[in-house]
Amino acid sequence: MPSGPQDENTEVRQAPRARGRDILAGLNPGQLAAASHAGGPLLIVAGPGSGKTRVMAHRVAYLIGHENVPPWRILAVTFTNKAARELKERCEKLASGSAGQLQVFTFHGFCARVLRQDGEFLGLKPEFTIYDVDDQTRTMKRILEDLQVDTKQTTPSSVLNRISDAKNRMMSPEMFAERTDTYKDEVVARAYSRYQAALFNANAVDFDDLLLKVFTLLNEHPDVLVKWQDRYRYFLIDEFQDTNPLQFEVARLLASRERNICVVGDPDQSIYSWRHADPTNLHEFLRVWPDAKVVTLDQSYRSSQTILAAADAVISKNSGRLEKNLWTENGKGMPVALAEAYDEDEEARLVLDEAQRLVEKEGIPRREIAVMYRINAQSRAMEVACNRQGVPYRLVGGVKFYERAEVRDVLAYLRLVSNPADAAALDRIINTPSRGISERTVAELRRTSIVNNLTMLEAVFASQDEAGAGRGPLNMDLPARALKAVGMFGDLMKRLIEQSLVLQPTELIDLALDRTGYLTLLKDDQEKGEERTENVRELRGTAEQFTESQGGADPRENLASFLENVALVSDVDGMDRPGRRRVGVDPTTSVLSPSDGEISKSDPITLITLHQAKGLEFDAVFIVGMEEGLLPHSRSLEDPAQLQEERRICYVGMTRARKRLYLLNAFQRSFRGSRMASSPSRFLAEIPGALVSRRVVRNMGRQGNVLPDPVAVKHAASIPAPKVMSKPKLALASGDRVRHAMFGDGVVVSAREVRDDIEATVAFAGKGVKKLLLSFAPLEKVSVVKRDDPHNPLPEVAEPGLDGP
DNA sequence: GAATTCATGATTTTT
DNA sequence: TCATGAATTC
């Protein structure tokens, strides 16, 4: 959710400034040292729950109240809007009166602001648009097609990834082109150059550009750098382990004169390396500012001793760490509960049963209970179980509000009005709702725009000057019918642009919806029409709120800042706001019916990915899917660096818990349609036995539709697992050739007895190595390899497809 | 030019 | 399993 007006517009309350002594009251020695550090570079290494935000807020208050730093001279940078909001609130409480003028931004938000003001040095007009992934992909797809590249082999997103890499290493297209050695890079180099040209023509920047352009601006325009250095004298950077080299450089440039830079981070919580985050930036910080004061906050105020020790046992297996000695005055608490369920459905039931017990017997409110998982797909089993048992939940993530087609469509109209050069927006809506403008017609418009150096919208307007018979000055090759359709679209846009001078964003949305008949189109959609209409209404509501908060400023400025706000705001930001529907990735199974709003608001449990859980805390945390291949994720298994990151992800999850931590794994799991045996995560084995309690539940087996008998579940550990299926008759040994209905032919690598089943590891030709449970996998023995053959051959590939399912 | 069917491939996602 | 995009058909 957009957070409405930011920062400077907030009303300033008048109150006496707190005195230095009061400001620092209640801090522990480390916190005190960090908060009261007067000036110069400062690195704060802050373990989970060590009061990081508290210290930052106190530090700001101290600078204002004790060092007499004017609040508008302090720039605090966070990664998320939510963190920015929280920090701001905390500061305002501590230093009421002046903290309202404190500058708290996200990295991207700050850069957008700089570019709105000074982007013209780089040829950027102030109403520039911020391209998101969808816009980027559209743009890149066109370019690759244009370059005659096969977009199946070289996907737009793979090229964009390489470009993003380059940008985060501060490489321009020219620099990139100089160092290409592979064919792919040659393609990327050419695409990069065209991509930047396309963005420039559209008066647009992507997320990386926001940072890179500011870097370039400050680097190449000394007067601009000085201006911003004059403006800000003190810098704070939150979640420093998540900064990438580009962000680091921007910060370094800004702080290079006054040297008052304070960064806070925890390298053990660096889980965004795939977004170019570079945890070694902490070392880099010390290299750049060797005289930096280093403060380590190692007292945890969050987790119990046991939870802390368990988390530490896991993270300490990582190499090259900056070791911390986390400790707490909290009690020992309960052991970490490990549990193995039969499958993901039973896993979910276990979680919900225990959650219910926590609510009833231990008085923990549901909103203090979170279920965390590595991948979003895991939420499904949890959702189904919640619905079945009537447990209210909120799902964080899923399909994001601003990524929904209908929301983007409406926004695209606004974007095109605000920035008529915005090619991606035009691309999106020129035929939405369909008005008879074909792909071919769009291509012709594009050709014309390139040849005549026009924006797409200008080409649309110009097309109407093409005389009916024969061709006009632009030599456009379009049938009359297409010209007419394009004309209609042009008229619509003309009208919207004209009205944007007097209409506020909300009214503009109304006008656009009215003129395009968009809502009528949505209503025709039987399945999702209602939901989509609701989303559009919600967007309108957001615009209305925003407009009101702007207090009647110039409509076009409001429009631009509304769009910026929307572009830089993610869904997580609205997470803790009541009333926002974020439940229901799957509308057919979710509790989206009218009652849902009520339940969710009352007291839901939280379903969330481990990544998104960073920065949050709960009384009780359940981490589900503690299995090899999930956590650590299978994609990380070969690369030690990635494996270390998986460990950090696990660590982040574990340290979210205050009182109770549950780690669950399932014996088998459905994944992409097929059931597979799963083995417990290696991370589980790393937790000392003294810290855990274990149980294995094999209660429901496959009869998963029935609600569990609570008594049975309670005593499940002591009840022998019921035989759900007959024991496989097939005895397997390594080397046996087998045939599987789906994977085709393969060779048994190993086979072992697992509880009441046999788990076979089979190498399939072309499909890789799979673990299969014999009771589920329809394996057919094809031939038996001689046991005494020392060089047991890998499968001779038999032609697949002899046996359909 | 739009609707339907088919193939494909699928971590995480602060902005 | 299931959502997304291209190919195919109306």
Side-chain angles (χ1 to χ4, degrees), chain A residues 77-84 105-112 130-134 136-137 141 151-152 155-157 161 164 168 205-211 238-239 241-244 246-247 269-277 344 372-381 396-400 402-403 405 431-442 479 481-482 485 564-573 575 585-586 588 608-616 625 629-637 642 645-646 648-650 652-653 669-675 742:
Chain A
V77 186
T78 63
F79 274 82
T80 64
N81 293 294
K82 186 162 172 272
F105 291 104
T106 63
F107 255 112
H108 291 83
F110 171 71
C111 290
I130 299 166
Y131 269 16
D132 61 27
V133 187
D134 181 77
Q136 291 180 282
T137 314
K141 206 174 157 218
T151 50
K152 279 206 179 123
T155 63
S157 55
N161 269 335
S164 178
N168 279 283
V205 295
D206 63 21
F207 281 121
D208 294 321
D209 279 343
L210 281 173
L211 301 160
D238 190 18
E239 303 281 17
Q241 76 280 356
D242 289 335
T243 48
N244 61 44
L246 188 47
Q247 290 163 330
Q269 293 185 62
S270 169
I271 56 175
Y272 283 100
S273 71
W274 46 281
R275 299 281 302 249
H276 316 288
E344 70 275 13
M372 304 180 183
Y373 35 82
R374 181 62 232 272
I375 63 171
N376 277 314
Q378 287 175 265
S379 70
R380 171 163 293 263
V396 181
V399 184
K400 292 184 183 152
Y402 288 111
E403 282 170 19
N431 198 34
T432 311
S434 56
R435 46 174 77 84
I437 300 176
S438 70
E439 206 31 57
R440 232 215 109 257
T441 305
V442 178
R481 197 163 48 126
E564 172 181 319
N565 210 288
V566 163
L568 293 178
V569 156
S570 84
D571 251 19
V572 194
D573 297 322
M575 199 184 95
V585 146
D586 178 359
T588 55
I608 191 170
T609 64
L610 288 160
H611 278 89
Q612 292 195 104
K614 198 183 68 161
L616 305 178
L630 266 180
L631 184 64
H633 193 270
S634 53
R635 291 245 184 147
S636 332
L637 294 179
Q642 284 197 46
E645 180 143 320
E646 295 292 310
R648 293 194 291 267
I649 293 168
C650 185
V652 165
R669 185 174 292 276
S670 301
F671 194 53
R672 293 186 203 154
S674 65
R675 287 191 162 297
M742 244 167 48

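So that the names make sense, note that chain A is the first sequence line, chain B the second, and so on, each numbered from 1. Note that these values count all heavy atoms, side chains included, but never hydrogens, waters or copies made by symmetry.
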Would you call E344(A)-R380(A) a salt bridge at under 4.0 Å N-O? no
Once salt bridge (Lys or Arg N to Asp or Glu O under 4.0 Å) is applied, do any residues pair with E239(A), and if so which ones, sequence neighbours excluded? K52(A), K614(A)
Report yes if at least one side-chain N or O of [X] is closer than 4.0 Å to OP1 or OP2 of [N]; otherwise report no.
| X | N | result |
| --- | --- | --- |
| Q612(A) | dT12(B) | no |
| N81(A) | dT15(B) | yes |
| R440(A) | dG1(B) | no |
| K141(A) | dA6(C) | yes |
| S670(A) | dT1(C) | no |

Heavy atoms under 4.0 Å, any strand shown: does N376(A) hit a base, just sugar-phosphate, or nothing? sugar-phosphate
NA contact type, Q642(A), heavy-atom cut-off 4.0 Å: base, sugar-phosphate, or nothing? base
In this structure, how many angstroms lie between the [atom2] atom of [N] and the [atom1] atom of [X], rounded?
| X | N | atom1 | atom2 | value |
| --- | --- | --- | --- | --- |
| I375(A) | dT1(C) | CD1 | P | 16 Å |
| L630(A) | dT12(B) | CG | P | 11 Å |
| Q378(A) | dT1(C) | CD | P | 18 Å |
| D242(A) | dT12(B) | CG | P | 18 Å |
| K152(A) | dT4(C) | NZ | C1' | 13 Å |
| L568(A) | dT13(B) | CG | P | 19 Å |
| H611(A) | dT15(B) | NE2 | C1' | 15 Å |
| H276(A) | dT15(B) | NE2 | P | 16 Å |

Does [X] use its side chain to pair, donor to acceptor, with the backbone of [Y] at less than 3.5 Å?
| X | Y | answer |
| --- | --- | --- |
| E645(A) | S273(A) | yes |
| N81(A) | L568(A) | yes |
| N431(A) | S434(A) | no |
| R648(A) | S270(A) | yes |

Can you name the atoms? Protein N/O to nucleotides 2-10 of chain B N/O, anything below 3.5 Å, with the distance.
{"from": "dA2(B)", "atom 1": "OP1", "to": "S434(A)", "atom 2": "OG", "distance (Å)": "3.4"}

Consider the side chain of T106(A), meaning its heavy atoms from C-beta on, and name the nucleotide among dC2(C), dT11(B), dT15(B) that approaches it most closely. dT15(B)
Which nucleotide in dT11(B), dT13(B), dT15(B) has an atom nearest any side-chain atom of Y272(A): dT13(B)
Atom CZ in F107(A), atom CG in D242(A): separation rounded to 0.5 Å? 10.5 Å
Reading DNA chain B from 5' onward, which residue's closest nucleotide shows up sooner: E439(A) or K614(A)? E439(A)
Does the aromatic ring of W274(A) sit over the six-membered base ring of dT13(B), closer than 5.5 Å centre to centre and tilted less than 30°? no
Applying side chain to side chain donor-acceptor pair (under 3.5 Å), name anything that partners T137(A), two or more places apart in sequence or on another chain. none
